[in-house]
Amino acid sequence: MAMNFSNPVNTQTWTNGRHKVRCVKVIQETADVRTFCFMSEQPVMFFFKPGQFVTLELEIEGEPIMRSYTISSSPSIPYSFSITVKRIPGGRVSNWLHDNLGVGEVLAVHGPVGNFNAIDYPADKPLMLSGGVGITPLMSMTRWFFDTNAAVDLQFVHSARTPHDIIYHRELAHMFSRLPEFTLHIVCEHDDKKGESWAGFRGYLTEPMLELMVPDFMEREIFCCGPETYMKAVRGILQKRGFDMSHYHEEHFDATPAAVREDVIELAEQAEVAAEAVDEADLREIAFASTDKRVSIQPNETVHAAAAKIGLHIPKACGMGICGTCRVGLKSGEVEMDHNGGITEEDIEAGYILSCCSRPKTDVVVDF
Ligand SMILES: Cc1cc2nc3c(=O)[nH]c(=O)nc-3n(C[C@H](O)[C@H](O)[C@H](O)COP(=O)(O)OP(=O)(O)OC[C@H]3O[C@@H](n4cnc5c(N)ncnc54)[C@H](O)[C@@H]3O)c2cc1C
Ligand code: FES
């Protein structure tokens, strides 16, 4: 079947889960940033909330490895979706993708998931603040607002190293030149080494700079994504000004966000304390319906750990409730789930759990 012969009337829509997709386009955005576009073998409408991400399931040198990437395209163009990846010096997956992923390659993705999105936090006056490749979720939201004629008064402030490092520069300029209610500001750290000079704002984003560019920033819903140092600086500016942080949303690209790391350490400590005190009677039975296997674990152990004990391999990437890779159906029983945005309310209502961060409150039966 010709894979890009799509019929808009009877095409299936994408739902959170594991999907095989084929790379159909590779775009060199800047010297170290590439966009990879994917389609499904069977035509699928890739609907998702702008800002959400997928987790790629790869095999590099014979080893399974997973990494999450924001969907940089917009669901307003749903026949394909894209991710935009920056090479990280010494990084395993980002460099592998740049060096090996070409048109025609097939891989599995998990998702879409993520709480950092324009649908769950609707706003009339959004302010996008991005640094470097952190632009990806904000670009998806902006493309969505643009394509759907959303009635938003949008201010977008992007920080790049040099003029040559501005990802999507031409497309941003095009979109923002067409709508008076969309305003774009670009800050470059310094001139290009090859000689291109930058006439706009220079250096790092500061409070006076933000005040000049977006005088009403205190009244806006803020979406921020970039390197940790950048987001820390933004939080510093906002907190100093007394900004109501319930209107501030951020996405972390680091493998292990600091807040999550603290939670994990705390959970591990709680688990250690609880492990000493556990009684046989407190053990919970985890049964796996598809394989008819079962195991008893302590209440502070996860469903994923229970599966591993009896040799069942539930796919897992982040291990901390961010990516959604380890999602399974809960057929019966109750769990305590400490996730970090890797599952939607709809999926929870439909009876799914993230096995890496779900601990049994009762005996449970899992669909795996
Ligand atoms: C929700 C989410 C969305 C993401 N979206 C994107 C995206 O749209 N585009 C994109 O390019 N990346 C994105 N990332 C980051 C991506 O998942 C990988 O972490 C990144 O590509 C590096 O992986 P690697 O295997 O190349 O590096 P690794 O081999 O894992 O790491 C190599 C070294 O780089 C450091 N490192 C790892 N990640 C980063 C980072 N992000 N910044 C600086 N140093 C780092 C590590 O500490 C280590 O020292 C996202 C991450 C998350 C959690
Ligand atoms: S492995 Fe990422 S949410 Fe469980």
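Atoms considered below: every heavy atom in the structure, side chains included; atoms not considered: hydrogens, waters and symmetry mates. Just so you know, ligand 1 is whichever comes first in the structure, and atom 1 is the first atom listed for that ligand.
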Fill in: Contact atoms of ligand 1, heavy-atom distance to Val133 under 4.0 Å
9 (N), 11 (O)
Worksheet item: Is Glu207 salt-bridged to Arg241, going by a charged N under 4.0 Å from an acidic O?
Response: yes
Practice prompt. Going by heavy-atom distance to atom 42 (N) of ligand 1, choose the closest among Ile88, Val33, Thr70.
Written response: Ile88
Item to complete: Say whether Glu228 and ligand 1 are in contact under the criterion: heavy-atom distance to a ligand atom below 4.0 Å.
Response: no
Worksheet item: Out of Val54, Ile60, Leu56, Val93, whose heavy atom is nearest to atom 25 (O) of ligand 1?
Response: Val93
Worksheet entry | Structural part of Thr84 in contact with ligand 1, heavy atom criterion under 4.0 angstrom | backbone
Fill in: Among Pro137, Gly91, Ser72, closest by any non-hydrogen atom to atom 27 (O) of ligand 1
Gly91
Item to complete: Verify the distance criterion only: is there a donor paired with an acceptor across the side chains of Glu250 and His252 at less than 3.5 Å?
Response: yes
Practice prompt. Please could you name the atoms of ligand 1 that Glu251 approaches to less than 4.0 Å, counting only its heavy atoms?
Written response: 1 (C)
Worksheet entry | Pick from Trp96, Phe53, Tyr69: the one approaching atom 18 (C) of ligand 1 most closely through a non-hydrogen atom | Tyr69
Discussion item. Let me check something: do Leu138 and Tyr230 share a hydrophobic cluster, defined by ILVMFWY side-chain heavy atoms less than 4.5 Å apart, either directly or through other members?
Written reply: no
Worksheet item: Which one of Asn117, Thr344, Asp120 satisfies the side-chain hydrogen bond (donor to acceptor under 3.5 Å, both in side chains) criterion with Lys49?
Response: Asp120
Worksheet entry | Nearest option to atom 50 (C) of ligand 1, as decided by whichever heavy atom of Gly90, Ser94, Ser68 sits closest | Ser68
Worksheet entry | Glu219 with Lys125: basic N within carboxylate O range, under 4.0 Å | yes
Worksheet entry | From Gln52, Arg92, Arg67 - option closest to atom 30 (O) of ligand 1 by heavy atom | Arg67
Worksheet item: Hey, which atoms in ligand 1 end up nearer than 4.0 Å to a heavy atom of Thr136?
Response: 7 (C), 8 (O)
Worksheet entry | All ring pair (Phe, Tyr, Trp, His ring centres under 6.0 Å) counterparts of His339, not counting sequence neighbours | none
Worksheet entry | Heavy atoms from other residues, nucleotides or ligands near CZ of Phe146 exceed 12 (cutoff 6.0 Å) | yes
Response to the item:
Counting only protein N, O or S atoms and ignoring waters, those under 2.8 Å from atom 4 (Fe) of ligand 2 are Cys326 SG, Cys356 SG
Discussion item. The test is salt bridge (Lys or Arg N to Asp or Glu O under 4.0 Å); show your working for Glu57 and Arg18 and say whether it passes.
Written reply: CA-CA 9 Å; Glu57 185 186 317; Arg18 182 179 185 274; 2.9 Å; yes
Practice prompt. Determine whether any heavy atom of His252 lies closer than 4.0 Å to an atom of ligand 1.
Written response: yes
Fill in: Test item: side-chain donor near acceptor, Ser72 and Thr136, under 3.5 Å
no
Discussion item. Suppose we call two aromatic rings close when their centres sit under 6.0 Å apart. Are His249 and Phe116 close by that rule?
Written reply: no
Discussion item. Taking the ring centre of each residue, are Phe47 and Trp14 less than 6.0 Å apart?
Written reply: no
Practice prompt. Please check if any side-chain donor atom of Thr84 sits under 3.5 Å from a side-chain acceptor atom of Tyr168, or the reverse.
Written response: yes
